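Keep in mind it's a predicted model, so treat the numbers as computed, not measured.
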Amino acid sequence: MLMFGFLLIMLVAVAAMGIRFLRSRGGGVPANAETGLLTLTGVSPRPEAFGEQFVTVTGNLNGPTVPGTVVYGRMVWSGSVWPAIGDTFTVVYPAGKPERWQPVLPQDPPHSEQ
């Protein structure tokens with residue numbers, strides 16, 4: 001009986017860790033998502049390497065219920081085409097939580113002027 005209880009506790013713990021992992025990955029569109037427009041006001045320096053790189057951005061997010069909120073975030077971007085200050089992107093975020101925005105990007109990121 002003790003082994004059955006221990007096995008049950010282990011299964012519940014593994015299931016909880018799996019659910020937490022899947023939620024932290026952030027894939028997909030959030031539930032009750034709102035769409036907004038993010039205008040970049042700051043971009044991390046362009047790396048010398050090509051391929052996928054992390055970029056940190058800061059910007060103003062305007063949405064239906066969020067008037068001009070300053071947000072920041074990090075995302076994977078192509079090193080050959082780097083975002084620039086002034087670029088605008090469509091983003092989605094959970095209603096009332098603009099700090100949890102996610103970009104809605106096409107397959108190839110938009111080209112920015114250098």
Show me, pair by pair, the donor-acceptor contacts under 3.5 angstrom made by side chains of residues 57-75, not counting sequence neighbours?
residue	atom	partner	partner atom	Å
Asn62	OD1	Gly68	N	2.7
Thr65	OG1	Glu34	OE1	2.7
Thr65	OG1	Glu34	OE2	3.1

Starting from the C-alpha separation in whole Å, work towards a yes-or-no answer on side chain to side chain contact (heavy atoms under 4.5 Å, CB included) for Val43 and Val55.
-> CA-CA 7 Å; Val43 178; Val55 60; 3.8 Å; yes
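- A continuous path of ILVMFWY side-chain contacts below 4.5 Å connects Val91 to Ile85, so both sit in one hydrophobic cluster.
- Looking at Leu38 and Leu40, their side chains come closer than 4.5 Å, going by heavy atoms from C-beta outward.
- Centroid-to-centroid, the aromatic rings of Trp82 and Phe54 stay 6.0 Å apart or farther.
- Considering all non-hydrogen atoms of both residues, Thr39 and Gly86 come closest at CG2-O, 4.3 Å.
- The neighbour count for Glu52 CD, taken as heavy atoms of other residues, nucleotides or ligands under 6.0 Å away, does not exceed 12.
- Hydrophobic clustering, defined by side-chain heavy atoms of Ile, Leu, Val, Met, Phe, Trp and Tyr closer than 4.5 Å, groups Phe6 together with Met10.
- A search for side-chain hydrogen bond (donor to acceptor under 3.5 Å, both in side chains) contacts involving Thr35 returns nothing, not counting sequence neighbours.
- Cluster note: Leu11 groups with Leu7 through ILVMFWY side-chain heavy atoms spaced under 4.5 Å, whether in direct contact or through intervening members.
- Considering every non-hydrogen atom in both Phe89 and Pro83, the closest pair reads CZ-CB, 4.3 Å.
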